[in-house]
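Data block below; observations after.
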Amino acid sequence: MQEDDKSEAYIGTQIVPLSDIPGGSSSSTDGDALQAKIVHQVNHRRLNPRQIQLSAIAGSIGAALFVAIGSGVLSGPLALLIAFVFWATVVYSIGQCQMEIVSLLPLDGSFIRLATRMVDPALGVAVGWNHFFAQTSYIIFEATIINTLVEYWGYDSSPAILITVSLLFYLAINVYRADLFGEVEFWLALGKVLLASGLILFTFIAMLGGNPLHDRFGFRYWKNPGPWAGETASGRLESFVNAVNVAGFCMGGPEYLSMISGEAKDPRKTIPRAFKTLMTRLIIFFIGGCLCVGILVPYNDETLTTGSAKTYAGKSPYVIAMSRLQIPVLPSIVNAALITTVISAGNAYTFNASRSLHALALDKKAPSIFSRVNRKGVPYTSVILVMLLSCLAYLALGSGSAKVLNWILNFCTAATMLNWSVMAFTWVRFNRAMKKQGIDRKEYLPVLSKIQPYAGYWALFWAPLFLFIQGYSVFLKGNWDVATFIFNYGIIALAGGIGLGFKIFARTPFHRSEDVDLVSDLEFFDALTNYYQQVKDDNPPTSVKDKILAKIF
């Protein structure tokens with residue numbers, strides 16, 4: 001990145017003399033290099049604690065939690081609840097792995113570059129391209145889904161208009177500066193939190209009789225038709241696997257926080273705090289959400305079982321429940337809120353896709369043009385390419401939105417589970433390297449997880465297992481479909497092929513535990529942490545507003 005004046009660094013709107021940066025007074029070549037690197041990072045890291053905390057809470061909340069979760073209701077309320085609780089333990093375990101390693105080394109590209117460093121460069125290539133493809137696919141999903149949402153109000157004009165508007169919005173927010181992305185995402189994420197909280201409150205009021213029918217139904221649907229779909233043991237097992245697949249698609253978070261760490265201010269302080277909220281939001285929003293839909297709608301509801309909803313929003317268990325209870329107006333409000341949720345999700349996916357490509361370019365695993373950043377530290381060339389690829393959303397014009405959305409959902413679920421498998425394996429190798437090199441975890445790591453190493457091995461067992469199980473339904477009698485099989489399992493072959501090909505042609509080594517690099521960049525991140533602490537000490541919050549925000553975030 002080119003700077004006009006190398007004698008100053010910027011923290012927000014504050015200009016700080018270069019000599020005040022740790023290492024800045026050194027006249028040695030090493031000191032100058034460290035100093036220049038910190039200047040670059042201070043200008044590059046623009047996401048503040050307030051933006052990161054709300055992204056941590058709401059970044060993984062998408063339309064899936066409010067609409068796609070309806071597919072899980074078909075398994076029965078108890079099966080869905082157990083599946084969400086079970087999968088929450090897997091996601092939480094992955095978060096614990098990432099909290100330790102990312103807090104130590106909050107690099108650009110995070111878990112992608114850490115896989116390269118801790119395991120094998122070929123694995124970093126595979127997971128990097130996997131994440132890039134998945135996040136770009138999610139953008140296509142969100143740009144396409146907006147059309148199906150506005151159909152709720154009878155809009156049936158050319159979907160190309162809304163796709164174009166969506167993509168231009170994502171480009172405008174992400175191509176210039178990261179703090180603009182962070183600020184927009186903060187307010188959109190706040191809307192998602194309010195929507196999720198409002199629907200939980202709606203469920204509580206409605207089940208106690210606060211509805212036009214004055215029907216105090218409570219847990220009626222847990223008794224009739226019952227808590228678990230399936231007449232036989234194999235049928236009930238199939239219901240549970242389906243519920244876990246839905247949970248795997250709805251839940252997320254660790255990978256997004258890891259990617260954000262590369263552009264967070266004072267990452268060794270802000271990122272661990274964000275990871276520590278993971279279990280709270282899993283319980284409140286995801287487990288709470290699955291409990292709500294199991295209360296509101298029976299698993300044999302005709303709209304769910306026949307797929308007869310004419311619009312995407314119409315598939316939401318909440319909208320179905322409102323229709324069953326003859327509640328007017330509220331479904332339209334929920335639909336409008338879903339649009340803001342979709343916009344927020346697309347915004348976040350654009351950030352993640354561009355940073356994935358940028359991380360690959362930094363490690364010379366993608367063309368060097370994608371390592372370029374503008375004066376604000378944004379990898380603008382990566383953002384532009386992501387937007388160009390997202391124009392594949394126009395395929396919805398020819399193939400039909402429903403079919404395209406189903407393909408993307410299958411593809412992204414598999415890609416997400418592959419990411420989690422790699423993150424868990426990276427931590428296991430990282431932990432093994434510390435032991436082999438005689439490093440004391442308590443002294444070496446800035447943040448410690450209380451449940452390691454159990455969390456790492458728990459995640460490493462279940463994530464790869466469900467990576468292969470998630471597409472089970474295509475193998476059931478009468479369900480075989482080539483396109484469905486490809487989108488369920490194709491990403492494994494694609495990412496694996498890229499990684500294997502890179503390993504063969506580049507002859508990359510699988511790092512032995514004693515050879516894993518656990519030293520590089522530590523001095524830099526120690527100096528960066530000291531710098532942010534110095535700025536904080538020299539500029540304590542003075543206004544009431546600043547003090548309140550500092551206390552909360």
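Quick note: numbers below take in every heavy atom, side chains included, and nothing from hydrogens, waters or symmetry partners.
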Please confirm whether the backbone N or O of [Y] pairs with a side-chain atom of [X], one donor and one acceptor, at under 3.5 Å?
X    : Y    : value
S382 : F370 : yes
N431 : W427 : no
K436 : E514 : no
Y92  : W87  : no
Q470 : L467 : yes
N488 : T484 : yes
T381 : I369 : yes
S316 : F66  : yes
Q437 : V516 : yes
S239 : G235 : yes

Quick one: are [X] and [Y] in side-chain contact, heavy atoms under 4.5 Å?
X    : Y    : value
K315 : L304 : no
I295 : P77  : no
L494 : I491 : yes
F84  : L81  : no
H511 : P121 : yes
L518 : M118 : yes
L104 : L522 : yes
C250 : V246 : yes

From [X] [atom1] over to [Y] [atom2], what is the distance, rounded to the nearest 0.5 angstrom?
X    : Y    : atom1 : atom2 : value
S110 : M423 : OG    : CE    : 8.5 Å
R273 : T270 : CZ    : OG1   : 7.5 Å
L296 : T203 : CG    : OG1   : 4.0 Å
I112 : E255 : CD1   : CD    : 11.0 Å
L80  : W228 : CG    : CH2   : 10.5 Å
T350 : Y138 : OG1   : OH    : 14.0 Å

Query - M99 vs L448, side chain to side chain contact (heavy atoms under 4.5 Å, CB included): CA-CA, chis, key distance, verdict - result: CA-CA 8 Å; M99 181 179 72; L448 285 169; over 6 Å; no
Atom [atom1] of residue position [X] - does it have more than 12 heavy atoms of other residues, nucleotides or ligands inside 6.0 Å?
X    : atom1 : answer
F475 : CZ    : yes
R441 : CZ    : yes
F86  : CZ    : yes

At their closest point, which heavy atom of [X] faces which heavy atom of [Y], and how far apart are they?
X    : Y    : answer
L357 : L385 : CD2-CD2, 3.5 Å
P317 : G70  : CG-CA, 3.5 Å
N130 : A415 : ND2-O, 3.1 Å
F411 : S137 : CE2-OG, 3.4 Å
G95  : F275 : O-CD2, 3.6 Å
F468 : P464 : CD1-O, 3.2 Å

Query raised in the report: Can you check side chain to side chain contact (heavy atoms under 4.5 Å, CB included) on D266 and Y531, steps first, answer last?
Result: CA-CA 9 Å; D266 200 3; Y531 173 68; over 6 Å; no
Report task. Would you please test F351 and F181 for ring pair (Phe, Tyr, Trp, His ring centres under 6.0 Å) and show each step? Result -> CA-CA 8 Å; F351 179 93; F181 156 81; 4.4 Å; yes
Query - Row check, F286 ring normal vs R281 NZ/CZ: under 6.0 Å, within 45° - result: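 No, R281 and F286 do not form such a contact.
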Requested in this report: Determine, step by step, whether Y489 and F485 satisfy the ring pair (Phe, Tyr, Trp, His ring centres under 6.0 Å) criterion, reporting the C-alpha distance in whole Å, the side-chain angles of both residues, the deciding distance to 0.1 Å, and the verdict.
Outcome: CA-CA 6 Å; Y489 294 103; F485 173 80; 5.6 Å; yes
No-hydrogen, no-angle side-chain donor-acceptor test under 3.5 Å, [X] and [Y]:
X    : Y    : value
Q98  : S258 : yes
T529 : D526 : no
K192 : S344 : yes

Salt-bridge contact [X]-[Y] (side-chain N to carboxylate O under 4.0 Å):
X    : Y    : result
R236 : E231 : no
D521 : R117 : yes
R355 : D108 : no

Query raised in the report: Step by step, would you call M259 with H131 a side chain to side chain contact (heavy atoms under 4.5 Å, CB included)?
Result: CA-CA 11 Å; M259 295 300 290; H131 193 58; 3.9 Å; yes
Requested in this report: Would you please classify the geometry between the W462 ring and the F466 ring as parallel, tilted or perpendicular, with 30° and 60° separating the classes?
Outcome: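 Answer is tilted, since the angle falls between 30° and 60°.
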Query - Candidate pair L199 and C292, rule side chain to side chain contact (heavy atoms under 4.5 Å, CB included), full reasoning - result: CA-CA 8 Å; L199 290 175; C292 286; over 6 Å; no
